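Residue numbers count from 1 along this sequence. Values in this document were obtained by computation on a predicted structure and should not be read as measured data.
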Amino acid sequence: MEKEISGVNLEIISGDIASQEEVQCVVNAANAQLLSGGGVAGAIHRGAGPDLARECRPLAPISPGQAVITGGHNLPNEYVIHCLGPIYGVDNPSEELLADCYRNALQLAEQKGITSIAFPSISTGVFGYPMADASETAFRTILEEIPNLRSVRKIRFVLFGSDAAEVHEHTLASLHP
Ligand code: AR6
């Protein structure tokens with residue numbers, strides 16, 4: 001699914017966040033220590049190689065809602081923006097902290113003049129955030145930020161599996177008919 005909103009191309013696909021060749025920046029669903037892990041963080045660190053962990057070390061720890069930027073190393077992307085999502089029901093208010101992730105990631109991308117960025121569904125794996133709720137917060141925040149974007153012209157959501165992609169398509173259709 002693809003939508004053009006105020007000059008920004010918003011796209012939802014199913015796939016692997018670590019193999020997005022056409023985007024300048026990918027977003028990591030990180031842990032506070034910015035180390036490799038399961039899910040998205042594991043895929044990104046495997047794809048980037050050990051130099052990513054080395055670059056991350058002095059930037060850690062980060063707190064829920066925060067975003068930091070590094071190079072992409074062996075990934076097909078120039079940059080990685082690492083966001084620490086809230087652990088659902090533990091880091092509160094979870095909704096605000098999740099919105100902070102998307103807002104801070106987009107603002108960081110703007111500061112670097114990044115034109116295209118791919119997000120995973122932050123917090124909806126190990127961190128337990130229900131996907132429908134998370135997708136609503138993600139898209140609400142992105143729709144709020146779109147009018148402020150100057151350099152970012154493409155925002156892609158990369159979801160694991162067609163069910164996750166459908167949930168996101170449904171949410172976006174309801175927020176932006
Ligand atoms: N590409 C796209 N989406 C993926 C991929 C992938 N390669 N792998 C998993 N997903 P998670 P979180 C989906 O757990 O909830 C890590 O171990 C997955 O199905 O990666 O923010 C870190 O070290 C889910 O919908 O991130 C942290 O400790 C979503 O991406 C912690 O888990 C996010 O799942 C972060 O937990």
**OP:** State, with a plain yes or no, whether a side-chain heavy atom of I155 is found less than 4.5 Å away from one of L106.
**Re:** yes
Original post:
Other than L52, which residues form its hydrophobic cluster under the rule that side-chain heavy atoms must be closer than 4.5 Å?
Top reply: I13, I17, V23, V26, V40, I44, L75, V80, V158
Original post:
At what distance, to the nearest 0.5 angstrom, does OG1 of T70 lie from CD of E78?
Top reply: 11.5 Å
Original post:
Which atom names give the shortest non-hydrogen contact between V152 and A109, and what distance separates them?
Top reply: CG2-CB, 3.9 Å
Subject >> Pairs where residues 139-151 contributes a residue and the test side chain to side chain donor-acceptor pair (under 3.5 Å) is met, not counting sequence neighbours >> reply: E110-S151, E136-R140
Subject >> Donor-acceptor under 3.5 Å (S121 side chain, L159 main chain) >> reply: no
Subject >> Min side-chain heavy-atom separation N28-H45 under 4.5 Å >> reply: yes
Original post:
Got a donor-acceptor contact below 3.5 angstrom from the K3 side chain to the H176 backbone?
Top reply: yes
**OP:** Show the numbers, then the answer: is there a side-chain contact (heavy atoms from CB on, under 4.5 Å) between N104 and Q66?
**Re:** CA-CA 7 Å; N104 288 331; Q66 202 185 338; 5.5 Å; no
Original post:
Do M131 and L175 share a hydrophobic cluster (ILVMFWY, side-chain heavy atoms under 4.5 Å, transitive)?
Top reply: no
Subject >> Exercise: identify the closest heavy-atom pair between R153 and G7 >> reply: NH1-O, 3.5 Å
**OP:** Working to the nearest 0.5 Å, report the span between CG of N9 and NZ of K154.
**Re:** 4.0 Å
**OP:** Could you walk me through whether V27 and I117 pass side-chain contact (heavy atoms from CB on, under 4.5 Å), step by step?
**Re:** CA-CA 7 Å; V27 174; I117 182 166; 3.7 Å; yes
Original post:
Minimum heavy-atom separation for S36 to N31, with atom names?
Top reply: O-ND2, 3.6 Å
Original post:
Closest approach of P64 and P86, non-hydrogen atoms and distance?
Top reply: CB-CA, 4.5 Å
Original post:
Does L143 belong to the same Ile/Leu/Val/Met/Phe/Trp/Tyr cluster as V8, with side-chain heavy atoms less than 4.5 Å apart forming each link?
Top reply: yes
Subject >> CG on N92 to CG on L97, rounded to 0.5 Å >> reply: 7.5 Å
**OP:** Output the distance between atom SG (C25) and atom CD1 (I81), rounded to the nearest 0.5 Å.
**Re:** 4.0 Å
**OP:** Check ring pair (Phe, Tyr, Trp, His ring centres under 6.0 Å) between F119 and all other residues, then give those that pass, not counting sequence neighbours.
**Re:** Y102, F157
Original post:
Can you pull the salt bridge (Lys or Arg N to Asp or Glu O under 4.0 Å) pairs that have at least one residue in residues 19-30, sequence neighbours excluded?
Top reply: E22-R156
Subject >> Partner of F127 by side chain to side chain contact (heavy atoms under 4.5 Å, CB included), out of L84, V90, D91 >> reply: L84
Subject >> Derivation and outcome, side-chain contact (heavy atoms from CB on, under 4.5 Å), residues H82 and C56 >> reply: CA-CA 9 Å; H82 307 260; C56 282; 3.7 Å; yes
**OP:** Report the distance from atom CD of E11 to atom OG of S116, rounding to the nearest 0.5 Å.
**Re:** 10.5 Å
**OP:** Please name the pair of heavy atoms, one in P76 and one in A18, separated by the smallest distance, quoted to 0.1 Å.
**Re:** CD-O, 4.0 Å
**OP:** Flag the pair Y88 / S123 as yes when at least one side-chain heavy-atom distance between them is below 4.5 Å, and no otherwise.
**Re:** no
**OP:** Identify whether I122 and V126 are in the same connected component of the hydrophobic contact network (ILVMFWY, side-chain heavy atoms under 4.5 Å).
**Re:** no
**OP:** State whether the side chain of N77 and the backbone N or O of Y79 hold a donor-acceptor pair below 3.5 Å, judged by distance alone.
**Re:** no
Can you give the donor-acceptor pairs under 3.5 Å from side chains of residues 160-172 to other protein atoms, not counting sequence neighbours?
{"unit_1": "H168", "atom_1": "ND1", "unit_2": "A164", "atom_2": "O", "d": "2.9"}
{"unit_1": "T171", "atom_1": "OG1", "unit_2": "S135", "atom_2": "OG", "d": "2.8"}
{"unit_1": "T171", "atom_1": "OG1", "unit_2": "V167", "atom_2": "O", "d": "3.0"}

Subject >> Smallest separation among heavy atoms of I146 and S6, with atom names >> reply: CG2-CB, 3.8 Å
Original post:
Same cluster for L35 and I62 if Ile/Leu/Val/Met/Phe/Trp/Tyr side chains link at under 4.5 Å?
Top reply: no
**OP:** Please round to the nearest 0.5 Å and tell me the distance separating atom CD1 of I69 and atom CG of L108.
**Re:** 4.5 Å
Original post:
So which pairs with a foot in residues 53-76 pass salt bridge (Lys or Arg N to Asp or Glu O under 4.0 Å), sequence neighbours left out?
Top reply: D51-R54
